[in-house]
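Input: a single structure, listed below in structure tokens.
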Amino acid sequence: MTKIKIGQVGLGRLGQVHASNIVNHVNDAELYAVASVVDKELEYAKEELGVKNCYKSYSEMIENDELDAVVIVSPSGFHAVQITQALEKGLHVFSEKPIGLELENIRQVVDKINDNPGKVFQLGFMRRFDESYLYAKEAVDSGNLGKITAMRCYGIDPSAGLDSFIQFAKNSASGGIFLDMSIHDIDLVRWFTGSEFKTVYSLGNNIAAPELSECEELETGACLSELEDGTIAYFLAGRNAHHGYHVETEIIGTEGMIRIGNAPEKNLVTLYDKNGVVRPTSGHFPERFRFAFINELNTFVNSIKNKEKSSVTGVDGLKSTEVAIAMQESFETKNIITL
Ligand code: NAI
């Protein structure tokens with residue numbers, strides 16, 4: 001079978017990871033075209049990745065009739081319109097999270113996705129493709145833990161990236177810490193429990209980065225929530241982990257518990273020296289989720305080839321965004337929000 005021809009928009013922090021993965025690790029696809037507003041990034045794609053069709057505009061790129069699919073890795077505010085444009089051109093769509101920043105917009109996009117059942121749509125919740133999370137999911141689904149009673153989710157970015165986030169936040173909207181970061185944890189809680197959120201109560205502070213208050217962003221956000229099946233879920237998102245990139249999930253059940261990423265280990269090495277006994281940690285998301293990013297794109301391409309539905313749908317994107325927006329509203333109004 002001929003390779004699936006992909007056009008990718010966005011070649012920034014994550015875009016370069018996806019582009020390089022398509023070229024080097026997705027055998028059944030070809031990175032046929034790219035679009036970016038930054039010349040240097042287009043040069044990188046041409047020189048380093050050998051991409052022949054480079055565009056300064058997404059709309060122009062999707063006019064190329066050779067394309068089968070798009071991979072959207074532009075800033076979050078562009079996703080809704082770019083997904084819609086791609087579906088209207090008859091293209092399969094992989095989009096980074098979130099689908100959009102506003103609920104009404106996202107609902108329209110989800111309707112559009114549902115109106116095009118012949119086109120694969122997959123959202124970038126890559127943790128579902130990480131081997132540790134897949135192992136845990138199998139254990140939960142096989143009943144090893146009994147019934148889930150509580151989950152605890154930590155997602156803390158490395159402090160090494162805090163200054164650049166402050167600069168970013170001065171110029172662009174991330175959607176807030178819950179939409180930008182907790183959304184992955186919200187999706188995991190829905191995935192593991194199979195239940196929807198009922199109530200959320202959030203808090204936040206900028207003790208570690210007071211400058212963020214000026215741009216209405218948070219360094220630390222926390223939320224306590226209840227699901228429809230009674231599960232209690234606690235979330236903590238932050239941007240100041242000094243030891244690296246800390247993503248940790250705990251699932252407590254009636255028959256046992258699971259911890260994923262207890263310490264965010266880099267590998268199996270333990271170092272014994274003057275500092276004591278040290279476990280090196282992963283430094284950032286491309287490192288921690290290296291294989292998950294590869295697996296999710298292979299799954300997308302396989303779904304196109306096999307004419308199958310994706311396992312991470314538009315509805316998953318909508319539901320998790322509803323929860324993240326409720327968390328933000330709870331922080332802003334200091335109220336418990338019922339979904
Ligand atoms: P970035 O700011 O590093 O890169 C954005 C890219 O989009 C740049 O290449 C820029 O030139 C391009 N761009 C901006 N406006 C454009 C336009 N109008 N048309 C075409 N290209 C345009 O952003 P980053 O960190 O790579 O994030 C991109 C997306 O990926 C965001 O939606 C973010 O939420 C998501 N993301 C997801 C992660 C995950 O864990 N799944 C991790 C990091 C980001």
Side-chain angles (χ1 to χ4, degrees), residues 7-21 33-46 48-49 51 54-62 70-83 85-86 93-101 105-106 109 122-130 133 153 155-158 161 164-165 167-188 217 237 239 245-247 261 282-297 299-300 312 316-317 320-321 324:
Q8 179 178 309
V9 59
L11 287 164
R13 232 166 35 123
L14 180 57
Q16 295 191 15
V17 173
H18 281 321
S20 150
N21 283 342
V34 290
S36 166
V37 288
V38 179
D39 287 334
K40 245 187 164 168
E41 294 176 355
L42 294 175
E43 259 165 51
Y44 153 83
K46 205 170 174 182
E48 308 279 322
L49 301 175
V51 182
C54 299
Y55 296 88
K56 288 208 77 163
S57 137
Y58 173 74
S59 305
E60 232 178 273
M61 179 181 81
I62 60 172
V70 289
V71 166
I72 297 174
V73 208
S74 51
S76 303
F78 292 104
H79 296 178
V81 67
Q82 289 176 340
I83 295 168
Q85 281 179 282
V93 179
F94 174 94
S95 172
E96 260 316 319
K97 56 81 195 166
I99 292 181
L101 300 177
N105 236 340
I106 298 173
V109 177
Q122 186 178 320
L123 195 65
F125 284 144
M126 79 296 185
R127 292 191 195 170
R128 294 195 191 199
F129 299 89
D130 173 76
Y133 281 101
C153 308
I156 314 175
D157 274 353
S164 84
F165 178 74
Q167 289 316 313
F168 166 85
K170 284 180 181 162
N171 304 316
S172 334
S174 77
I177 198 162
F178 301 108
L179 191 56
D180 189 33
M181 296 185 65
S182 303
I183 197 158
H184 283 295
D185 289 318
I186 295 166
D187 179 62
L188 285 180
E217 285 280 357
R239 305 188 186 275
Y245 175 65
H246 192 116
V247 169
S282 60
H284 42 55
F285 68 85
E287 181 184 9
R288 167 64 182 86
F289 290 109
R290 176 161 186 258
F291 295 106
F293 284 123
I294 293 172
N295 292 343
E296 70 174 353
L297 284 175
T299 303
F300 173 61
V312 195
D316 291 320
S320 52
T321 308

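All values below come from the heavy atoms of this structure, side chains included, with hydrogens, waters and symmetry mates left out. As the structure lists them, so they are numbered: ligands from 1, and atoms in each ligand from 1. Here the structure is a predicted model, which means the values were calculated and not measured.
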Under 4.0 Å from any heavy atom of [X], which atoms of ligand 1 are there?
X: Gly124; value: 41 (N)
X: Ser36; value: 9 (O), 11 (O), 21 (N)
X: Val38; value: 11 (O)
X: Leu11; value: 6 (C), 8 (C), 9 (O)
X: Phe78; value: 15 (N), 18 (N)
X: His79; value: 32 (O)
X: Gly10; value: 6 (C), 7 (O), 9 (O), 12 (C)

Looking at [atom], what's its closest protein heavy atom, distance included?
atom: atom 7 (O) of ligand 1; answer: Pro75 CD, 3.3 Å
atom: atom 22 (C) of ligand 1; answer: Val37 CG2, 3.9 Å
atom: atom 29 (C) of ligand 1; answer: Ser74 O, 3.3 Å
atom: atom 4 (O) of ligand 1; answer: Gly12 CA, 3.3 Å
atom: atom 21 (N) of ligand 1; answer: Val9 CG2, 3.7 Å

Measure the CD1-CD1 distance between Ile183 and Ile177 for me, rounded to the nearest 0.5 Å.
-> 13.0 Å
Distance col, row Phe168:CZ vs Glu217:CD, nearest 0.5 angstrom, shows 7.5 Å
Can you tell me if [X] uses its side chain to pair, donor with acceptor, with the backbone of [Y] under 3.5 Å?
X: Asn105; Y: Gly100; answer: no
X: Asp130; Y: Met126; answer: no
X: His79; Y: Glu96; answer: yes

Side chain to side chain, [X] and [Y], heavy atoms closer than 4.5 Å:
X: Met61; Y: Gln8; value: no
X: Glu296; Y: His18; value: yes
X: Val93; Y: Ile72; value: yes

Using a 4.0 Å heavy-atom cut-off, which part of [X] comes near ligand 1: side chain, backbone, both, or neither?
X: Leu14; result: both
X: Phe168; result: neither
X: Glu41; result: side chain

Using heavy-atom distances, let me know which of His184, Arg288, Met126, Arg13 sits nearest atom 1 (P) of ligand 1.
-> Arg13
For atom 41 (N) of ligand 1, state which one of Glu296, His284, Lys97, Glu96 supplies the nearest heavy atom.
-> Glu96
Kindly determine whether Gln82 and Ser95 satisfy side chain to side chain donor-acceptor pair (under 3.5 Å), including the steps that lead there.
-> CA-CA 9 Å; Gln82 289 176 340; Ser95 172; over 6 Å; no
For Phe285 and ligand 1, does the shortest N/O to N/O distance drop below 3.5 Å?
-> no
Ignoring hydrogens, tell whether any protein atom lies closer than 4.0 Å to atom 27 (O) of ligand 1; use the non-hydrogen atoms only.
-> no
Residues Gln85 and Ser59: closest non-hydrogen pair is NE2-OG, 3.2 Å
Minimum-distance pair of heavy atoms, taken over all atoms of Phe293 and Pro286 = CE1-CA, 4.1 Å
What pairs meet the salt bridge (Lys or Arg N to Asp or Glu O under 4.0 Å) rule with one or both residues in residues 168-186, with sequence neighbours excluded?
-> Lys97-Asp180, Arg127-Asp185, Asp180-Arg239
